[in-house]
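To start, the structure itself, in structure tokens.
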Amino acid sequence: MQECLQAWDWQGTPADPVPCGEGHINQTYLVRVDTPGAPKRYILQKINTDTFRDPDLLMENICGVTEYLRAMILRNGGDPARETLHVCPTREGKAYYRASDGGCWRVYDFVEDTVCLQSVRNAEDFCESARAFGNFQRRLARYPVEKLHETIPRFHDTPKRLADFESAVRRDPFGRAEAVRREIEFVCARRDDCRYMTDLLAAGKLPLRVTHNDTKLNNVLLDSATGKGICVIDLDTVMPGLVANDFGDSIRFGANGCAEDEPDTSKVHFSLPLYEAYTHSFLQVVGEALTPLERETLPWGARLMTLECGMRFLADYLEGDHYFHIQRPAQNLDRARTQFKLVADMEDNWSDLLRAVQ
């Protein structure tokens, strides 16, 4: 840790880093520096190179997008110090530091006077996340997406996720498939749906955009005084993608009042009012940045991202729970069932989901 701290010019004396946040991928710490005048705080992160295997490409994505956002925010009279992340270069001018043990570390400015919520408290919190992600899309609508690298290849390739799921069912290494036949059949009945978005992309009818790919509420910083969503964080999964997938992942996470692993599916309900509130706020901010077909496919993003997530949970359950961390037996199965219940609810409300984006 001390070696890493020496890689940056802090313009003062850094205190010992303390753990920060609730993320599960990277190791995150808060560093307080006694600088002349007022103390300053920074975020120090160790990049998980098991997940993000090429930190050069990862940081190239992040630096390119944040620098572009800073220029856009300045042009429109905003405050880039609060409205986007800022990567602090090392003493050598690098975007990250590779330590002697091979660990890769980076530093961001800490965005002061903000809060990060782990769950939706009310509809307005959800709407603020919609506005923040809508702003993210609008500001990056003209970003040259061909400059972005896939940090996790085929991350939201739903047909590929389906193929992985079907492979897990065929192999059934722990003999669990027979007991979850109903859940398996739920996925198989929607096999054709899995190609809907990727077929439109392959036909050239949908554009690739700069997408965040982890658009949960806890990846938006809210102003602690006003509650306004001001800054999108956790940019590791920024890659080329479909805007409907980002929209859909937000809906999957937020338009449900229950925990992701709720064992009692009778308590799991898709909230149409929350969906409509999020959709209205998102479209109000993103404006004309989306094509008409992109707007029309937003409900498909909600449906398919939820189905895809359920497939991943169920596949991991069949394979012995090696990917998603569990704290109790059958937790991944409960997670899958929750997602499938949300999908079924979306299908029951399909006409209302379509109407909300018109």
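Along the sequence shown, residues carry numbers from 1.
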CD1-CG distance between I230 and D113, expressed to the nearest 0.5 angstrom: 8.5 Å

Are N332 and Y323 close enough that a side-chain donor and a side-chain acceptor fall under 3.5 Å? no

How about T66 and R70: does a side-chain donor come under 3.5 Å of a side-chain acceptor? no

Check ion pair R131-E124 (N to O, under 4.0 angstrom): yes

If I compare all heavy atoms of D236 with all of L58, which pair ends up nearest, and what's the gap? O-CD1, 3.2 Å

Can you tell me if T338 and E262 form a side-chain donor-acceptor pair at under 3.5 Å? no

Step through the shown structure and confirm whether more than 12 heavy atoms of other residues, nucleotides or ligands are within 6.0 Å of CD on E92. no

Looking only at side-chain N and O atoms, does Q137 offer a donor or acceptor that is under 3.5 Å from a partner on N135? no

Ionic contact status for R195 with D192, cut-off 4.0 Å: yes

Taking all non-hydrogen atoms of both residues, which atom of V31 and which atom of P14 are closest, and how far apart? CG1-CB, 3.8 Å

Test side chain to side chain donor-acceptor pair (under 3.5 Å) applied to D109 and R82, H86, R41, the passing residue: H86

Show, in sequence, the C-alpha distance, side-chain angles and deciding distance for R335 and D316, and conclude whether the salt bridge (charged side-chain N to carboxylate O under 4.0 Å, His left out) test is met. CA-CA 11 Å; R335 289 165 171 161; D316 198 37; over 6 Å; no

Test log, rule salt bridge (charged side-chain N to carboxylate O under 4.0 Å, His left out), inputs K216 and D214: CA-CA 6 Å; K216 298 191 291 289; D214 192 14; 2.4 Å; yes

Take a 6.0 Å sphere around NE2 of H280 and say whether it holds more than 12 heavy atoms from other residues, nucleotides or ligands. no

Assert yes or no for the condition that the ring centre distance of W105 to Y97 is strictly below 6.0 Å. no

Rounded to the nearest 0.5 Å, what separates atom CD1 in I184 from atom CG in D172? 7.0 Å

Less than 6.0 angstrom separating the ring centers of Y317 and F324, yes or no? no

Give the cluster check for L208 versus F136: same hydrophobic cluster or not, with ILVMFWY residues linked at side-chain heavy-atom distances below 4.5 Å. yes

Residues V87, V107; criterion side chain to side chain contact (heavy atoms under 4.5 Å, CB included); working and verdict: CA-CA 6 Å; V87 178; V107 170; over 6 Å; no

Both conditions, 6.0 Å and 45 degrees, for the charged tip of R190 above the ring of F186: are they met here? yes

Pair Y96-D56, side chain to side chain donor-acceptor pair (under 3.5 Å): steps then yes or no: CA-CA 8 Å; Y96 73 97; D56 288 312; 2.9 Å; yes

Are W350 and F270 joined in one hydrophobic group, where the rule is that I, L, V, M, F, W and Y side chains link up if heavy atoms are under 4.5 Å apart? yes

Using the test salt bridge (charged side-chain N to carboxylate O under 4.0 Å, His left out), find all partners of R176 that sit at least two apart in sequence or belong to another chain. D321

Are R303 and D193 close enough for a salt bridge, meaning some N to O gap below 4.0 Å? yes

Closest heavy-atom pair and its distance - G310, Q339: CA-CB, 3.6 Å

Does a sphere of radius 6.0 Å around CZ in R171 hold more than 12 heavy atoms from other residues, nucleotides or ligands, not counting ones at 6.0 Å or beyond? yes

Does CZ belonging to R91 count more than 12 external heavy atoms closer than 6.0 Å? yes

Where do F253 and D249 land on the side chain to side chain contact (heavy atoms under 4.5 Å, CB included) test, with the steps shown first? CA-CA 6 Å; F253 177 80; D249 206 27; 5.7 Å; no

Could you pull out the closest heavy-atom pair between L290 and R295, with the gap in Å? CB-CG, 4.2 Å

Presence of salt bridge, D345 and K341, under 4.0 angstrom: yes

Taking the six-membered ring for Trp, are F133 and F282 closer than 6.0 Å centroid to centroid? no

Applying the 4.5 Å side-chain criterion to the ILVMFWY set and letting contacts propagate, would W300 and L342 be lumped into a single cluster? yes

Would you check if there is a donor-acceptor pair between the side chains of N26 and T28 at a distance under 3.5 Å? no

Assess whether side chain to side chain contact (heavy atoms under 4.5 Å, CB included) is satisfied between L274 and Y278, documenting all intermediate values. CA-CA 6 Å; L274 282 177; Y278 187 98; over 6 Å; no

Just by distance, with hydrogens left out, do E3 and S100 show a side-chain donor and acceptor under 3.5 Å apart? yes

Taking all heavy atoms of G229 and all of V220, pick out the closest pair and write down the distance. CA-CG1, 4.0 Å

Does the pair C309 and R252 meet the rule for a side chain to side chain contact (heavy atoms under 4.5 Å, CB included), with working shown? CA-CA 9 Å; C309 194; R252 180 195 72 80; 3.5 Å; yes

Please give me the minimum heavy-atom distance between C20 and L30, naming the atom from each residue. CB-N, 3.8 Å

Answer yes or no: does atom CZ of R328 have more than 12 heavy-atom neighbours from other residues, nucleotides or ligands under 6.0 Å? yes

Is E288 atom CD crowded by more than 12 heavy atoms from other residues, nucleotides or ligands, each under 6.0 Å away? no

Hey, would you say the Y42 and W10 ring centroids sit under 6.0 Å apart? yes

